[in-house]
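Single-structure report; data block below.
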Amino acid sequence: MSSLLFLIPITVVMGIAGLGAFLWSLRNGQYEDLEGAAERILFENDDKPLGG
Amino acid sequence: MTSRAPSNLTQGHDPGPRRPGVDEMALASRDLGGGLRQVVLSVPDMRCGGCMARLETTLAGAPEVRSVRANLTTKRLTITWQTENNSQPDFAALIGAIGYTAVLPTEGHDQSDAEMSELLRALAVAGFCSMNIMLLSVSVWWGADPSIRQALHMISAALALPAVIFSGATFYRSAWRALAHGRVNMDVPISIGVLLSFFLSAYDTFAEGRQAYFEAGTSLLFVLLIGRTLDKMMRKRARSAAASLADMMPKGAHVIDPEGRIDYISLSDIAPGTHLLIATGDRIPADGTILTGISELDRSLVTGESRWETIAPGGLVRAGDLNVGHPLTVEATTAPENSTLAELHRMLEAVEDGRSEYRMLIDRAARLYAPVVHGLSLLAFFGWLLATNDIHHSLTISITVLIISCPCALGLAVPMVQVVAARRLFKHGVVARDGSALERLAVVDTVVFDKTGTLTRYDPMLVAATSTGPMGFSLAASLARHSSHPLSKAIVSYAARGNAETLPLEDVREIPGNGLEACFRGERYRLGRAAWATDSHLMNRPAASTVVLTQGREVLASFVFGERVGAGSANAVRFLKEQGIAVQMLTGDVADAALAVAREVGIDEVTAAALPKDKAEVIDALRSRGRKVMMIGDGINDAVALKRAHVSMAPASGSDIGRSVADFILLNADMNGLEVALTTARRAAMLIRQNFALAIVYNVVSIPVALSGYASPLIAAVAMSTSSIFVVANALRLDKKDSLPSWRPARKNRLAGAVQ
């Protein structure tokens, strides 16, 4: 049972990291144009999202 | 109309034709500092990745442009450019050259984006917290010894805190607002349930170390936030579609200053006495009198009248009139903010909204539901308290009742159906403003059409052409080629389909307001208004406007123009009648023009020559007889009637006022969308009722279980989620293909419309 002592914190930290990544991408404007992003992969431009 | 002609070629998402000029673009742009300016353009016909890449590479090729970014979802282009020595590239022309239409969006950036990301953040936090707590709860339920259980509960409490505080704030705010106004809405039981379960669990964790149920409250928040987010997404999409339509009114005007220089200024700088230059195809920005120029005005947007009016110096013009003939100089008599148009805007604000008394289904349900839920929960608490004398146990059961009967099905199922319906409508070119509009559309029993621009198109159609000799059409076409008047263009395109040859004409003159005159092989020919061309003043102007070609006084050829009835109008009227819906026409145009169109599309009840006030009164009269009226109109003169009706619809090509008042916008220029909208709305209403039934059955089964104390809050949370899944799955049935059997003919009609 002592394994829980480090497993649970690891789970929570990983979860928080995921949440942080989502919030960062939201702030970064990556959800502004989902349709466009799907199409952009077909073009050879080296471009970044608007906010980045 | 000159400016409308090209829009026929780009059927479908007709954005209105007005292309913003360089000056207007500069006026609408934002100064970023350091000589950089940024403008956001709407390109409604950007549909695929190819369009996006083409637009970006073309614009990036202009030397001044620093960056350009297309957004395919909102169909916007953000262009940043360097202003050096005051030169500015004409973006609209560049975009036009590769076959797209660029317009300045009606509103710049809406602040709903911020609201949207706040909801998404709340959703993310609630999702993260509830999922983790759920996992911890599973291990607790699997069996954990008391010390570990205590630790897991404490971690759960820590995880629940951000969800309860941050994600729940939306609900608390709304519940508080409702309570402060002495009302009860759905958010009140939600807030009480979430807060009570959190505090009781926290108390249990720290004080007694018994059972805790943080997962119930947080998963409730998560599921409900999904519903809220879907609802918001639907509105955002509708707003961006509506905002991508062209603003009919210009944002500025060309003026002649006292020194004779021509300048482009913003509308707010126009004052009485300003001399305005109105080019062909421009709308008049302010009321005024004509100084020079003879032309024709299309006033259909303002008055509903389809016939153009010839005007000469001294004549009065009103804001919103479209100049179709020749350039004019106009002296403004009022500032734009005092014009007839602006007055109408103000009047509209004062008009009582026809749907204000309408309460959304979910609100009506909340009025019944919330007291019942609260009552049951209280009853459970006191009942169990009396029976067992155990406060803690009674409170647990009361919270279970609150959570198990929580309006999840209502909070999620209704927006879910509406989002699916709105998406389906969007695919068919209909933008629904919000969910309540769909609910209202489903119960409509009377439809009132405006004529000009709704049942008919703005551009006149050549109804009949006759010629007495072999040369007639060739001569007429050769003459017409020298003019940019819309009627001339129609004649040219008609003759081009036959085998008219271009003849070498001499001494061609255009007489504004009358027609064209030229010499050919020593003879003088005239093409124009019948009265002028035949030099007679006796002739009455017939109902449909006629253009004749004459030599001397002898008529060689004549062209009759009439109103072009929209491709889907007759179909739409027939469909409505089949559905047992009463159809009426309500127009500002004269009776004979109205009756001609009514006959063609099959409407029996016609009110003609109606002023905007009359239109609103007709709608009121229908409403007072208990009818659920839908008004379909586009013009400025329809705005009040649109607002008074139970539900309203406007074609995208209409006035900005009409579009901003209407609940639905038809992006396709024809009336085919009407059938899709009505069918979808009715189906959505049916699915919502089914979902309600599902929710009621679920509650009837689960509430007694909860009342009798057999369910724990965890089971309540699981049961609630299951019911939500059922309800969502039911909502998705709306998008099944066979629900709209009529999509095939609708599509065929649209293609037929494109080639006329």
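This structure is a prediction, so every number in the text was calculated from the model and none was measured. These numbers come from the heavy atoms of this one structure, side chains and all, not from hydrogens, waters or symmetry mates. Letters A, B, ... mirror the listed sequences (proteins, then strands); counts begin at 1.
For B/Asn71, the parts lying near chain A are the backbone and the side chain together; criterion is any non-hydrogen pair under 4.5 Å. Neither the backbone nor the side chain of A/Leu42 comes within less than 4.5 Å of any heavy atom of chain B. Contact annotation for B/Leu120: both backbone and side-chain heavy atoms come within less than 4.5 Å of a heavy atom of chain A. Contacts of B/Ala151 with chain A are absent, with no heavy-atom separation under 4.5 Å from either backbone or side chain.
By the side chain to side chain contact (heavy atoms under 4.5 Å, CB included) test, B/Met131 pairs with B/Phe222, sequence neighbours left out.
Shown here for B/Ala124 and A/Leu23, the closest heavy-atom pair between the two residues is CB-CD2, 4.4 Å. Minimum heavy-atom separation, B/Phe128 to A/Leu19: CD2-CD2, 3.7 Å.
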Side-chain donor/acceptor pairs under 3.5 Å, residues 4-12 of chain A, sequence neighbours excluded:
unit_1  : atom_1 : unit_2 : atom_2 : d
A/Thr11 : OG1    : A/Leu7 : O      : 2.6

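In this structure, B/Met52 CE and A/Arg40 CZ are separated by 4.0 Å, a value rounded to the nearest 0.5 Å.
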